Every structure is written in structure tokens, then in C-alpha cells.
Amino acid sequence: MAKVQVLNVAVLDNPSPFGNPFQFEITFECMEDLAEDLEWKIIYVGSAESEEYDQILDSVLVGPVPAGRHMFVFQADAPNTGLIPESDAVGVTVVLITCTYRSQEFIRIGYYVNNEYTDPELRENPPIKPDYTQLQRNILASNPRVTRFHINWEGCAERMEDSENVDPSSNSMLPPSCLPGKAPPLGVLPDNSMDCL
Amino acid sequence: MLCKPIFSVDIHPDGTKFATGGQGEDSGKVMIWNMAPVLREEDEKNENIPKMLCQMDNHLACVNCVRWSNNGLYLASGGDDKLVMVWRRAAFIGPSTVFGSSSKLANVEQWRCVTILRNHTGDVMDVAWSPHDVWLASCSVDNTIVIWNARKFPEMVTTLRGHTGLVKGLTWDPVGKYIASQADDHSLKVWRTVDWQMEANITKPFSECGGTTHVLRLSWSPDGQYLVSAHAMNNSGPTAQIVERDGWKTNMDFVGHRKAVTVVKFNPKIFKKKQKNGSSPKPSCPYCCCAVGSKDRSLSVWLTSLKRPLVVIHDLFDKSIMDISWTLTGLGMLVCSMDGTVAYLDFSLDELGDPLNEEEKNSIHQNIYGKSLAITSTEAQLSTTIIENPEVLKYQQERQNSAQANSGPGGAAPESSAPKLNSVMNGESLEDIRKNLLKKQVETRTADGRRRITPLCIAQLDTGDFSPALFNSVPILPSGSSMSSQLTPQLSSDSIVYMALGFLIPAFTCLSHYLRSSVKSSLLLTSASKIEPMKALDSRFTERSKATPGVTAAISSTAGLTPLDRPKDGVTAQKEAKTKEETSSDSEDKMAAINKNLTFGKRKPELLLDGGEVVEKRKKGRPRKDKMAASMAQPFTQPSKVVAPPAPVAVLKLPTPSTQKAFSLQVSMEPSVFLEVENEVSMVAGSKLSQLRCSRDGRDWNTLLPSSVVVAAGSSDILAVACEDRMLSVFSSCGRRLLPAIQLGTPASALHCSAHYVMVLTAGATLSVWSVFSYMVRNTTECADFRSCLPSHDTPASSGPLAVMQGRNLNAGRLASRLSSTPHHMQQSMTLAFLENQLASALTLQSAQEYRYWLLIYARFLVNEGSEYRLRELCKELLGPVHKSAATSWEPTTLGLRKRELLREVLPVIGENLRFQRLFTEYQDQLELLRNK
């Protein structure tokens, strides 16, 4: 089972001007002392169209992590506006927080982000070239989307694949859709793809 | 709707909730449900009453079994991920949303995994808590059964090996003497808990068993007399085999299912026939009730008093029945199936009969096994038994606290690594901490220039002392700007609700009325804000980053953290202790051997003298200060004038009564005391045991002696018996051994008791009189060869002269294992006799420390076995007269120990069993009274 459970993420300084750093206060619980650090990342999705516009805003190591409840604030600079397609600057996009242990991602927390002009006039007639100084970033903090992945907490990524394929005995009795350890297929996500605990 | 299979269901002992275990989306799933909406339709319709209380998807693979501990504090779950997890409700109260879940599925109760038990190398199929929650057993497809120490997780007690196939079911004997397991290897095995060896291997009813079932959940009847197996075959028809406790006979079975029986579950209650109004009360035998579930999707319910099933329900489910759980009241039952549903069945008293109350059930246990399950049952009734004394409450709480402290690794593991909450907080409020967290947190750079944050530890793993508010997703910024977005309807993930919960069955007949599944229609994200998420964006939430460009290189491992290796340390420490013990017992053996030679050497001349001399030995109220030497010398210096002059041994030989198989006599009219002797009732470890039973004003007690009783006598105060081996034993009116066994020089010819004097005339024409209360003991005492079956797993070794003398004999266990074949009431009597003998011997040897040690064990045994009379007599003796009077012969000290101090030590032990709270209060008050004087 997962040794680390994220209990809460509070979005600080929200809403805020587009250029402000992102601040997430993350509370997590660890079942057992961790031998290695956790690695947290904030990824800003520059465009819904393609992953190539993703920006890793920052990555931090968090440790040492003994058993217990812990919290920290993860602050990262605002995205580089030069890397965002102009057509995608205003409107809805996504910011992701991921955490990996021994290079294996075990949780992904996503928020919708709405970037819009505060000035009603700009809102009516947005400039062709986005004016980032006038943009406000609003993270939909109340609606995090949390996806958890099973990883091998004891070993590294290669061995994990094996451990995910265990479970020979019960499979024979389960409908094929119940195969454990398979993430839902891309694109055809049912609403329940969100892992609730 | 395709439902995920539910493999296990278990109702909480308090009946307010139940747990299910099964397959989740991509993991195993344990869910805790509210019972109220199942039982009452109005609760089901009331939206304020939650249906689901908590869900845990921590198991990596399908959960095969969930079981509540008998005290209701813990839930154990076992799954295909080879793990057993033990859950406990987190201390902080009130619902809190789980991060990332929609509000509807918020966990109302917080259950956290307090320990993970890793040992099995294959899927865990069944778990079972022992009576009293002393052990937790788990069985697995790795062919083994592991017994865990439930008071000290994750300590393992033992691994039971012997099955040659997948072990798929476990059940404890309600008396706690056995555990039974059933496996795919066509066998059902019964294991003893005293030495964890196999007691019986039953194969015949299973030899024909072809095919396989996912589980083989067998069950033991609440009276302990019958064990009923899952899948067995009789004349190529599937059955549930009934195995009798007596000789493990397999003469009966439950027949009728068309496919293999997967689960058998006895009703926890014992019933008796309901008395109909007007009909004459007929005495009827109590009977048990048993539910049988099968792969044929049907359920049958049997009463052991009926030859045919009480009821059979066909096609209850679409797929095989997997588990059954009765409510503690015995009138309700939950059944779960592979088809992903759970059904609730409701019975009436007319259908099942009148359930016996706990007291009646205990008396049945008492009659069969000589043991009441008093402590368990008081625990179960704790909520209903009123604690009348604050002191008792204190001891009860202490007991619970220590039980809690001992269980779960949470208490021990994080203490060094995680500072306590208050030390972190330093008087600061959590809000303050949160405001300054960014500034305060320690951030460093690693060698390769990466940011590294040291997280702030805000709580130990297992404390509940933190504000739940912290964990609700409320941003601390006071600006109300984002409040609107909080109203956004949240994505529903209700389709994980794979359980049917929308049913209420008022009577037994309308069983088919239950809903397949109450999957709620998902609410779509309607835009309260202007956000309209795009599908492309949605996919980003769940897609795992394969290789995120940038800084995914190597993660440097941190040096500052060394994982604690506690269990290992513990093991080595234990080993050391063991080797120490072994060496010391070796040397004790030698010493004991030497000692024996010495005592034998001394005894011989003494016996010769004894035989030729007439001895009077009486002195009432003799001062206790007398050393043993003095009391031993005395008889020889006081020849009596009454009887004949000294004569040589060989010359005088008085007739001795012959040994009878059994006899009885009335020793006193007022109060009426009857004595019954039965010789050679059982053979244990090469010695024949005889039983002495006494009935005094309707109260019975009995004890065992290692030799045949030749003569017996009694007065209103004491009882004495002389045995073939020339041992004289003296008991109090309540059956407490008053003196260590006294070795007579020659066999007893006549025996007489009057008040508290015992007179013995031996075949060698010696007349001896003992005043019991002066504790004058002349002869070498022989420590009786009883073996204790003490429930103590951690008996601290007491050292002293007694231990040295018995060093060789006292390696309990070995002989105790032989005892396990004797019925429980025999074991109980033997233990009692042994303990009393230890006490008396310690007294004779003037070993104060050992006396105190055995006294406390004796008291604990009496408390556990619910032996009130003896307990009361013990307290009375320790307390002495409250008011001073000249006539009393009571001594305030024994062996230099103040008796009332001893009583003070005994009382907390008594306070642990609520049954004795009146006794506790009575003596506590008197002690207080005396102290104030």
C-alpha cells in the first residue's frame, strides 16, 4: 500500500496576478520512515493541445520523511510566458502537482486554472498579444482532481512492473475489467476515474 | 451494472456498522458501512444519515476477508497482496472530507491502518481473532497459518505448517483451546493453542472433494461442541461436515446444497425453545443455529435441534455466496456474494427461539468446560454493565489503555523520529504555523544544486491531537473571492459504490426484496464558474508522466535518515534473554538435584523416628516467629501421655482402610457439607488423578489429587483427606488448600476433623493432631506434581528456595501439552491445586517473595476463572478482622509481608473483572476504613 497519503493541499495566494509565484501548502502523512526523499513537481500545462507546452515550474526534494504527518509549502515561479502559445494564454488550463518516490510517480493532483483579465474592458476586447501583467490567475482550489498510482515502495521502477502483474488466483474469478493495477485508458475516462481516497 | 465482487462481510460487535472487503477499481477495497440504513427504512431515506462511513483502498489487490476484533476496536483485513492490515479508528471525531474526494463520499469515520502484517508469501484468504483478542490468525495460499500476537503487533507467535494445499478458512474454538483450518488439500486440521501442535487431521469427508471454491470458511458452534466445515462430500453430494469436539467424530452433515459450500457461520447465540403462552413449560435442550452459504447461490439456515433446515433461500444472488455475518443479537444476518451485493436477513424470536443471555451461555460453558468466559462477556457487555465504583472504572480504563498501548506499532515507531505535537507547536496555534510556514521551513540545496525542503512534522502517526479543521480544504486566505467556486458541484465518483444498500427486510419472507446496486447517477460538472473544462485537459489529470523532461535524473538518497530497525533489535534481545534463561535453568537443575539428595537423606531417619513415636502436636495461636527448625524439633520433645509408649515400627500395624473407587460422606449437618471422592478419574503424565468434590450449602467446589484417596474427613471449617501415597491434604471449607501436602510416616488408618483440628492415626500407631491455623508443618513437603496450564505467556521467573527445589519440575509447557487432552475443568482444577500447593509450599519454606508471586498469580487465576467463593475467602483471610478483639488468632503478617498490603496488591487484579466489582468495593472500603483508623 502507499506509504504516503496526501491529506490536503491548500492553494495559497489565490486568486493572484498571473506573474505571482504559485504556492501550495501540502500536508501529507507517511506510514513508515522513508529511506529516500520525495520529489515534488509543479507542472503548468501551457496548452491543452499538446504536452510539449508543459512547463515544469519547479521541482523540490522533500526529506527526510519520518513516519508521521508533515506539511510544507511548495512555492514555484510563474510560468515563462514566452513558452505559452498566445492563443492559450487566456482561458482555462491546468496546473499539476506530482510526487514521485524513487522516480515513480504515485500521486497526481490537478487543478483547473482560469486566466482572465480583471478589467472589464480588456475582457470584452482582449488584446491579440496577451498582456500578462493584467491577467489574473484563479485556481479552482475547491475541486482538486487526485489520481493515485500504485508503485513499488521498496524497490525501484523496473521491479515495480513485475509487482503490478501479480494476482494470478483471483483474476480467473473476476470480470476482465477488474484487472488490478491498470490505469484507466486515456481519453475515455469515466467520471469515477478519480481515486477517492 | 457490473459490480465488483464482495468477498467478505463482518458486522461490528456493537451492531452499528459493518465492514465489507472485495475488489475495488484498481486495488482491494475495504468499506465500512452504517448499519442503521440497512435496518430501518426511514434511516435509509434520511439523507442526513450516512450510508458509507469509510472506505480504504490501501490494499493493492483484492481483499478476501475483513474481521472485527471482539472488542470492536480493530478491523483486520487480508488480501491478495499477501498483507494483513489492522485498522483502528482515528481519535479525532467528526467527519472530514478526504482530500480529492467529492463531499458525498467523505469519510464520516476515519479508520487508519495501524499495522501491516507481512509474512505470507501468497494471498491471504481468511483472518480470525481469537476469543479475548489475544491472537490474530491469518491463513494463506502459501499453505501456512500465521498466529500473530494481537497485543504486540507485528509480533508473530508461530506459523502452523502442515497443510499441503491453499488454506482457505479459519475458525477459533470459542473456548480458545483450538483453532481449526480448512484447506484445498482435502483436509480440515485442528490445532491446539497450548503448544500450537496439530490435534486432529480430518480427511475422510473431504477425500471426494473435486473442484475448488474461492474460500472455505468453516465455523465453530458457540457452545464449542461442534465444528462445521465448508465444502465436504458425502455420497458425491456436497455437504457441510459436522465435526464433534468429542473425539473429532464425523457422523453428521448438513446436506442439500447443489454445489460446494463456501461458508458456514454459526449464530453467536445459543437458543432455547420459545415458551408458548398457555403451554406447560417443557424443559428443552439449548440448541445452536447455523447458516450455510454455497456456490449454488442459495443459503440455508439450520437449527441443531431440527433434522431439516429451518429455511432455504434459493437464488438469493447471481453468483456464489462468499461470506456470512450474524449480528451479536443473533437475529440479523448479512450475506455477501461474488455478484457484488449484500443481503440482510431478519429473523424473529418465533423462528429461532429465545436466545440465552450471557449468563446462561456462560453457565453452559461452565458446565461443559468448567470455565466461564466471564472476562470476554463482561467486555462485550461493558456498555450495559454499570460500573459502580470509580476505582473499578480506573482499573478498567487502565486495563484498556495498556491493551491499547501494547497494540499497534504506532506508539513505538515514531517516537524518536517524530517530535510530539506540542513540542512542534511551542504554544503557537496551527494557524500561526501555517501563516509562517513558508518563511520558517528549512530549505537547503543539495550537492547538485537542487532545492530540498525539510517538511514540518505536525503530528505523530497515531495521535489524534490535531485539529481536524486543518485537513479540510479551506484556504486560509480570508479574501472571499474564491468562495463561489466552492459551490461548484463536484464530480461524483459514486460508481465505486458497488454495494447494494437500499433494502430493508422487515420479515424473513420478503428476502428477494433487495436492490442490486444503488449507483447514483453521476453529477456532471455544471459550471458555477465560467470554467468549461476540455476533455483534453481532463486527461492530463490522470495520465502518469512517463518521462517528464527536465530534472528527473537521479535522486540522491539522503544520509540523514536511517530507518529504525526495531523489530530486529527486539528479536535479538529476546534471543539473548532466552539463552540466559536456559543457562540459568541448567544450573538450577543441578542445584535441584543436589537438593533432592539432601532432602531424601534427611528424611529417612526422620521417618523412622516418626514411626516409633507418638506425637502430639497442637498449639493454638502459635507465634509465627517460630523458625521451621523449632517447629520441626518440637514433636520429638513432647511425647504425649495419652497414647501407648513408643514401639518399633514393625511391631504395631493398625489396619488401614482399603482404597475404594469412589465414596462419599456427609461431614457436617449444619451447615450441610457433603464430600465425594472419585479415585483415578484420569491419567496425566503417568500419575493417576483423583477428584475430591465438596458440596457445602449447595455451593460446589472440587480439586484434584495426585493419588487415590483412602480416607476423608471434615468439619464445618476444614476438610482433610489422606491418600495412598501417605500424603495428607487439608482444605478450607471453600476448597482452598491450607497446608502443603503432609507426608505421613505410615499410611493413615483413621482420620478425624473437628473445628480446625485434624487428627490422624497412622498404621504405625502414630497419632498426630494439627491445628490448621497455626501453620505448623512438620514434615518435608512434597510439591505436588501438578502442572499448571497458566494462561501466562510471560511468566516472569520467580526465584527463591521454592524455585530452586522445583527447578527441574517446573518447565511447564512440556507436560502442560499432555494436559491439553484432558477436559478443561480438569485443567482448571489441576491449575488451582497446583497454585495452592505452590502457595502452601512457599509458606512452609518461608520464601516471602515467592509467596507473594504465587499469591498474585493465584488471585489472577481466580479472577479469570470467576471463582468468587475462593476469592472472597482469600480476601477475608488477607484483610483479617476489621475490629480488634482479643480472641482473634489472625496474624497481620505472613512471612514478614503485611497481609493487608498483599490485599492492596490483589485488589486491582480483582477490579479487572467487572463481575467482581462488588467484592472489590467491599474490600476496598474496608481497607480504607482500616487505614483511616
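Predicted model only: the values in this text are computed from it and were never measured. Note on naming: letters A, B, ... go to the chains in the order of the sequence lines (proteins, then strands), and numbering restarts at 1 for each one.
- Remark: Asp131(A) pairs with Thr133(A) by the side-chain hydrogen bond (donor to acceptor under 3.5 Å, both in side chains) rule, at least two apart or across chains.
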Report the C-alpha separation of Arg450(B) and Ser59(A) in whole Å, then their side-chain angles, then the decisive distance to 0.1 Å, and conclude whether the side chain to side chain contact (heavy atoms under 4.5 Å, CB included) test is met.
-> CA-CA 8 Å; Arg450(B) 303 191 50 199; Ser59(A) 135; 2.7 Å; yes

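- Within the 4.5 Å cutoff, side-chain heavy atoms of Phe74(A) are placed close to those of Arg451(B).
- Only the side chain of Val45(A) has a heavy atom closer than 4.5 Å to any heavy atom of chain B.
- Side-chain atoms of Ile458(B) and His70(A), non-hydrogen and from C-beta on, never get closer than 4.5 Å to each other.
- Side-chain contact between Leu61(A) and Thr446(B): present, with at least one pair of heavy atoms (C-beta onward) separated by less than 4.5 Å.
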Passes side chain to side chain contact (heavy atoms under 4.5 Å, CB included), Arg452(B) versus Asp37(A)? Steps please.
-> CA-CA 9 Å; Arg452(B) 182 172 190 239; Asp37(A) 284 0; 2.5 Å; yes

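- Separation of atoms NZ (Lys3(A)) and CG (Asn58(B)) is listed at 13.5 Å; rounding is to 0.5 Å.
- More than 12 non-hydrogen atoms from other residues, nucleotides or ligands lie less than 6.0 angstrom from OH of Tyr132(A).
- Looking at Cys113(B) and Gln5(A), their side chains never come closer than 4.5 Å, going by heavy atoms from C-beta outward.
- The two atoms that bring Pro455(B) and Phe72(A) nearest to each other are CA-CB, 4.3 Å, heavy atoms only.
- Under the side-chain hydrogen bond (donor to acceptor under 3.5 Å, both in side chains) criterion, Gln134(A) pairs with no residue at all, not counting sequence neighbours.
- Minimum heavy-atom separation, Ile453(B) to Val73(A): CD1-O, 3.7 Å.
- Side-chain contact check for Glu25(A) versus Leu438(B): every heavy-atom pair is 4.5 Å or farther apart.
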